[in-house]
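Here is how names work: the chains are called A, B, and so on, in the same order as the sequence lines, proteins then strands, and each is numbered from 1. Note that the coordinates shown come from a computational prediction; the quantities given were computed from them, not determined experimentally. What you see below is based on every heavy atom in this structure, not just the backbone, and it leaves out hydrogens, waters and symmetry mates.
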2 protein chains.
Amino acid sequence: MIALSLQEVQELAEAILRHHGFSEPHVHAVARAVLAGERDECASHGLWRLLGCIDTLRAGKVSPDAEPEVIDQAPSIVRVDARGGFAQVAFERGAPVLVEKARANGIAALAINRCVHFSALWTELEVLTEAGLVALACTPSHAWVAPAGGSKPLFGTNPIAFGWPRTGKHPFIFDFATSAIARGEIQLHERAGKAIPLGWGIDAAGQPSTDASAVLNGAMLTFGGHKGSALSAMVELIAGPLIGDLTSVESQAWDAGSKSSPYHGELLIALDPKRFLGDAVDQHLARAEALFDGIQNQGARLPSQRRYEARERSLRDGVKIPEKLYEDLQGLLA
Amino acid sequence: MIALSLQEVQELAEAILRHHGFSEPHVHAVARAVLAGERDECASHGLWRLLGCIDTLRAGKVSPDAEPEVIDQAPSIVRVDARGGFAQVAFERGAPVLVEKARANGIAALAINRCVHFSALWTELEVLTEAGLVALACTPSHAWVAPAGGSKPLFGTNPIAFGWPRTGKHPFIFDFATSAIARGEIQLHERAGKAIPLGWGIDAAGQPSTDASAVLNGAMLTFGGHKGSALSAMVELIAGPLIGDLTSVESQAWDAGSKSSPYHGELLIALDPKRFLGDAVDQHLARAEALFDGIQNQGARLPSQRRYEARERSLRDGVKIPEKLYEDLQGLLA
């Protein structure tokens, strides 16, 4: 393993993105997202992700210098046309308008269109909870997941994320795929020649399978049976047609086998507790803390606890990445 | 079984509610909800539910003649104080304002406070999809469900419902508990002396159990492990403290063992596709239809299909209810 300080992680990420022609806003925004992933020990959204970013660029499937356009769509809707760039800059341009609209009207939506997304939604939600807002986010991906009762890939891994602000504490945030497991997890099993548990997916004939390759060529399943499947359909609808953007099937068709990051849309909804509660806001947010105590006092964990513990370690000690990954990243600077 | 026309169902429901002193708005609104449940073969939300309604009234836990107050809370938030009455009248008063605000601003929220709720969310969503809106609804209940990794009841069965309008067709609607199963299903197993499947709940010692009574005295589990648990926490937060209303623990404390319907709040969010999409709305709603085709063409079902099929049967043939239930209902008229 190679030890890196967070400063070094950021500089490495920025150097790679800059070397490949990304404009400065994209260099900074994508590097920040990658740094957050590495820092919080979400390796799949950390430095490793840069390999996919550059592959996506080489496939011509992301614009390195897109300048997002912010559109004031309605009193409580802001749209950002990412113009084919990574989602991070589009989010950064739209977020202040979303915050302003949520504060003015109580609830507001940010629709990001035509963005290339690698689905680290929690980093975006932290910006909104930091502003004191409650927030929801979701995005489709590529058609890898069968609906409950079906056998053919139709839905993406379709993450749903939710954030709740906490005074003087890390926010309550969850961010999970509506698929039973991340696709990368199945790929890791395939590479290691290991069987996967039943319930992760089915083979091309629609039969339950523990063979990672068979499932990657068949279909993944949603978490939670028909309920998870219903939620996955909801993500397709509200972060797809509702905002005039692609479903996971359509995004995959556009990808045309290049295995790039998905190109589609994202929907964020922000709610302002101050507008719901007025002067009573502190009293009611304190009752939310009682709910969190009720979870933790019985030995259960809050959804983001593992990530915050990792963050504390990384801020203190830096991070370690596999030597092979470090070499691959250095290769991107050649 | 006793055969009843839908007209007879409605008249019976209205007669019972009127006999017990409910005011005319409550008589009509609650009877409509009960009729919808019976018609759609959701027996637990049909005529059977009236027994619980009258028990709740006798326990002094619902106001029979509350006149809801509609509060224009913010440009995109309407609140309705149900003043201790059943939720249906409060929803009917708030829904037109929610529709108006969603159409004006693109997205809006309806917070119903201090209502007694029996969680038939899909009937409310049909009103909003009928108005061309996309909608989400959720509500806590009583603390019966342990968080993932815990062993003590904390969350309610916390349903989440979602609706999507379809031109010339029944809307796409799902409405499910975030618990692994409805509490009533476990009660039915208990009454029948049947074992329940593993995964529905744990006993008072926190151990997985197939004993219905042990689980009813222990804790139910959420669907989908830590993901369902996270969603259940979200419902507690956004339909509880965010709108200044009770969590499932607090609602149960207020109930004080009377086993009445829960008393708390409900949050609805409505989004107007026309404001998101402008002139392109028809083109994009057609792409949603392609997603539904993609589900049905592989033999999977849309979430509400069973309910719509039941509705068609009931509209044609009327319904049948158990003789014992019919007698119990007649008993409420004595």
Side-chain angles (χ1 to χ4, degrees), chain A residues 73-77 79 104-109 111 134 146-152 154 160 162 164 172 174 176 178 223-230 233-234 236-238 240-244 247 249-250 269 271 273 275-277 280 284-285 287-288 290-291 294-295 298-301 303, chain B residues 73-77 79 104-109 111 134 146-152 154 162 164 172 174 176 178 223-231 233-234 236-238 240-244 247 249-250 269 271 273 275-277 280 284-285 287-288 290-291 294-295 298-301 303:
Chain A
Q73 179 76 11
S76 293
I77 304 173
R79 277 204 310 125
N105 299 330
I107 182 170
V134 174
S151 57
K152 302 273 173 277
L154 182 72
I160 296 178
F162 170 77
W164 179 273
F172 173 94
F174 65 75
F176 59 72
T178 51
F223 91 101
H226 73 277
K227 296 182 181 182
S229 181
M234 178 185 80
E236 292 287 333
L237 292 167
I238 65 176
L242 176 66
I243 62 169
T247 60
V249 164
E250 294 167 332
I269 295 174
L271 306 97
R275 296 312 302 267
F276 277 87
L277 296 166
H284 292 298
L285 293 186
R287 291 172 43 251
L291 182 78
I295 295 173
Q298 55 178 288
R301 293 163 73 86
Chain B
Q73 179 75 12
S76 292
I77 304 173
R79 277 205 309 126
N105 299 330
I107 182 170
V134 174
S151 58
K152 302 272 173 278
L154 181 72
F162 170 76
W164 178 274
F172 173 94
F174 66 76
F176 59 74
T178 51
F223 91 100
H226 73 277
K227 296 182 181 181
S229 180
L231 289 168
M234 179 186 79
E236 292 287 333
L237 292 167
I238 65 177
L242 176 66
I243 62 169
T247 61
V249 164
E250 294 167 333
I269 295 173
L271 306 97
R275 295 312 302 266
F276 276 87
L277 295 166
H284 291 299
L285 293 186
R287 291 172 42 251
L291 182 78
I295 295 172
Q298 56 178 287
R301 292 163 75 86

Counting heavy-atom pairs under 4.5 Å with chain B, which one of A/A300, A/A74, A/G150, A/P241 comes out on top?
A/P241
Greatest number of non-hydrogen atom pairs under 4.5 angstrom with chain A, of B/V249, B/L237, B/L231, falls to B/L237
If you count heavy-atom pairs within less than 4.5 Å of chain A, which of B/K227, B/K152, B/Q73 leads?
B/K227
Residue, of A/G244, A/P273, A/A148, A/G294, that accumulates the most heavy atom pairs under 4.5 Å with chain B:
A/G244
When rounded to the nearest 0.5 angstrom, what distance separates CE in B/M234 from CZ in A/F172?
9.5 Å
At a 4.5 Å cut-off on heavy atoms, which part of A/V134 comes close to chain B: side chain, backbone, both, or neither?
side chain
Under a 4.5 Å heavy-atom cutoff, which of A/G240, A/P147, A/G299, A/S229 has the most pairs with chain B?
A/P147
Counting heavy-atom pairs under 4.5 Å with chain A, which one of B/G149, B/P75, B/G224, B/A290 comes out on top?
B/P75
Taking all heavy atoms of B/A230 and all of A/F176, pick out the closest pair and write down the distance.
CB-CE2, 4.1 Å
Apply the side chain to side chain contact (heavy atoms under 4.5 Å, CB included) test between B/L271 and each candidate in A/I238, A/I269, A/I77; give the one that qualifies.
A/I269
How close do B/A146 and A/Q298 get, counting heavy atoms only, and between which atoms?
CB-OE1, 4.5 Å
What residue, out of B/I243, B/L277, B/L242, has the most heavy-atom pairs lying under 4.5 Å from chain A?
B/L242
Looking at residues at least two apart in the chain, or sitting in another chain, which of them share a side-chain contact (heavy atoms from CB on, under 4.5 Å) with A/A280?
A/Q283, A/H284
Holding to salt bridge (Lys or Arg N to Asp or Glu O under 4.0 Å), I want the full list of residues that pass it with B/R287, two or more places apart in sequence or in another chain.
A/E250
For chain A, which of B/L291, B/T247, B/T178, B/L285 has the most heavy-atom pairs under 4.5 Å?
B/L291
